[in-house]
Amino acid sequence: VSPGIGAWITLSSALFCIGLAGVMLRRNPLVILLSIEIMLNAGNLLLVAGARYVGGNDGQVFALTVMAVAAAEVVVGLGLIVALARRDAPLDVDELRSLHG
Amino acid sequence: MQIAIFYLAGAAAVGSAIAVVVQRNPFLAALSLIVHLASLAALYLVLQGDFVAVAQLLVYAGAVMIMFLFVIAYLGDRADLDLRRGGIGAGAAGIAGLAIFVETVIAVRDSNSVLPAPANVAESFGSPATIGHLFLTNYLLTFEALSLVLLVGAVAGVVLGAGDLLPPPASDDHGDEPGEPAAKQERFDLRREGLRMQEDEQQHESEVGA
């Protein structure tokens, strides 16, 4: 017996909410990137579960696409953090006000 | 059996995700994320998405997380900051996260539809051959766009990481060592000088050849 689609949706939603709370609670940009990864993976889990439910393979193609985009996003995010560290800027998203936002 | 793995890996995924969010040390948070990604790979296996499970382990738990750990090690103590919003922000974050979760639970509460039994799933489901075929036929544009995205990401990573190639910032009020920007500028000038000499040489050679 395999768990129903409702169980998969509930699990994926729980993981997404944990990632969302991480982005909103933490101020360290590294941990914010990690939390974004949790949210992306929650979406991926739902895509694969949906593909299994429907019986098509398209959902898995979408999941692999999300993985590739996430890899590119991590490269840019980590590059920005390293550039910030080189300029001795504080690693705190609340302190980065150079753009006066 | 499937139910048991679902609950085990699901609990591991939720627990390690919570550990990522509440962990004070970013290095341990990244290690928790590796556990999270590995338990998601186990869940993909329960869903018979074999190729996605392997890609998850190789690409995410392997390559992406190595990059994270490398940057955290490079930053050293500077990454190790206990930064947590308190008060109203934390309350709002908790309420927003809980609201979405409760909403989903209410929405799927009455659903009793189950996934098709493993015996009824096509043999080709989730196999590398099927997914590769889809990528090269129906999703060819996605495939090509992804290669472009990854190329641009690699170039952006090099440009952001190679600080020496950029001229030093105009106003440096963060208390750098006084000699540092000058030295960087000198190296930058030297590199440009070298490039110019190479170009001259090439031009000379082509003139001689003509």
Side-chain angles (χ1 to χ4, degrees), chain A residues 1-7 9-11 13-22 24-28 30-31 33-35 37-38 41 44-45 48-49 51-53 55 57-58 60-61 63-65 67-72 74-76 78-83 85-89 91-92, chain B residues 2-3 6 10 13-14 17-18 20-21 26 29-30 33 40 43-44 47-49 52 55 59-60 64 67 71-72 75 78-79 81 83-85 90 93-94 97 100-101 104-105 108 111-116 125-126 130-131 134-135 139 142 146 149-150 153 156-157 160-161 163 169 174 176:
Chain A
V1 187
S2 65
I5 188 72
I9 295 175
T10 309
L11 175 61
S13 158
L15 293 176
F16 185 87
C17 294
I18 293 169
L20 178 69
M24 291 168 86
L25 285 174
R26 302 298 297 263
R27 294 190 302 194
N28 186 336
L30 274 167
V31 182
L33 268 182
L34 292 175
S35 303
E37 294 300 311
I38 296 178
N41 276 289
N44 263 356
L45 182 65
V48 177
R52 175 72 168 68
Y53 183 59
N57 282 290
D58 305 58
Q60 298 180 66
V61 172
L64 289 168
T65 308
M67 269 185 213
V69 174
V74 165
V75 169
V76 175
L78 289 178
L80 285 174
I81 291 174
V82 169
R86 285 221 176 140
R87 299 196 167 210
D88 280 332
L91 283 183
D92 179 347
Chain B
Q2 276 193 331
I3 286 267
F6 172 78
V14 172
I18 292 174
V20 171
V21 172
L33 190 64
L40 279 184
L43 288 173
Y44 293 151
L47 288 169
Q48 289 169 292
V52 182
V59 175
Y60 252 125
V64 172
M67 216 150 56
V71 168
I72 291 170
L75 294 177
R78 306 201 42 196
L81 297 172
L83 294 172
R84 212 161 297 175
R85 265 182 253 265
I100 296 177
F101 180 61
T104 320
V105 169
V108 302
S111 123
N112 47 11
S113 50
V114 292
L115 304 180
F125 181 83
T130 317
I131 290 172
L134 271 179
F135 259 127
Y139 296 102
T142 318
L146 274 184
V149 166
L150 287 174
L160 287 172
H174 285 300
D176 236 359

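Protein chains get the first letters and strands the later ones, always in sequence-line order, with residue 1 at the start of each. Computation of the quantities below employed the complete heavy-atom set of this structure, encompassing side-chain atoms and omitting hydrogens, waters and symmetry-equivalent molecules.
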Is the closest side-chain heavy-atom distance between V52(B) and M67(A) below 4.5 Å?
yes

query: Any side-chain heavy-atom pair from Q60(A) and F125(B) closer than 4.5 angstrom?
result: yes

Intermediate values then yes/no, side-chain contact (heavy atoms from CB on, under 4.5 Å), V61(A) and L64(A) = CA-CA 5 Å; V61(A) 172; L64(A) 289 168; 5.7 Å; no

Counting heavy-atom pairs closer than 4.5 Å to chain A, which one of [options] comes out on top?
{"options": "V105(B), V149(B), I18(B)", "value": "I18(B)"}
{"options": "G126(B), A13(B), G94(B)", "value": "G126(B)"}
{"options": "L47(B), V108(B), T130(B), T104(B)", "value": "L47(B)"}
{"options": "G97(B), A29(B), G49(B), A156(B)", "value": "G97(B)"}

Chain B interface, residue from [options] that has the most non-hydrogen pairs under 4.5 Å:
{"options": "V75(A), I5(A), L34(A), I38(A)", "result": "L34(A)"}
{"options": "L45(A), V74(A), N44(A)", "result": "L45(A)"}
{"options": "N41(A), L20(A), D58(A), L33(A)", "result": "N41(A)"}
{"options": "I81(A), V31(A), T10(A)", "result": "T10(A)"}

For L146(B), the side-chain contact (heavy atoms from CB on, under 4.5 Å) test, sequence neighbours excluded, returns T65(A), A68(A), V69(A)

Using non-hydrogen atoms and a 4.5 Å limit, figure out which bit of [X] sits close to chain A: side chain, backbone, both or neither.
{"X": "L134(B)", "result": "side chain"}
{"X": "F101(B)", "result": "both"}
{"X": "L33(B)", "result": "side chain"}
{"X": "Y60(B)", "result": "side chain"}

Steps toward side-chain contact (heavy atoms from CB on, under 4.5 Å) verdict (L160(B), V82(A)): CA-CA 8 Å; L160(B) 287 172; V82(A) 169; over 6 Å; no

Is it the backbone or the side chain of [X] that comes under 4.5 Å from a heavy atom of chain B, or both, or neither?
{"X": "I9(A)", "result": "both"}
{"X": "L11(A)", "result": "side chain"}
{"X": "V76(A)", "result": "both"}
{"X": "L15(A)", "result": "side chain"}

In short, P26(B) meets N28(A) closest at the heavy-atom pair CG-ND2, 4.3 Å

Heavy-atom closest pair (A63(A) atom, V48(A) atom, distance to 0.1 Å) is CB-CG2, 3.9 Å

Across all chains, not counting sequence neighbours, the ring-ring contact (aromatic ring centres under 6.0 Å, His included) partners of Y139(B) are F62(A)

Output for pair (L75(B) CG, R86(A) CZ), nearest 0.5 Å, gives 10.5 Å

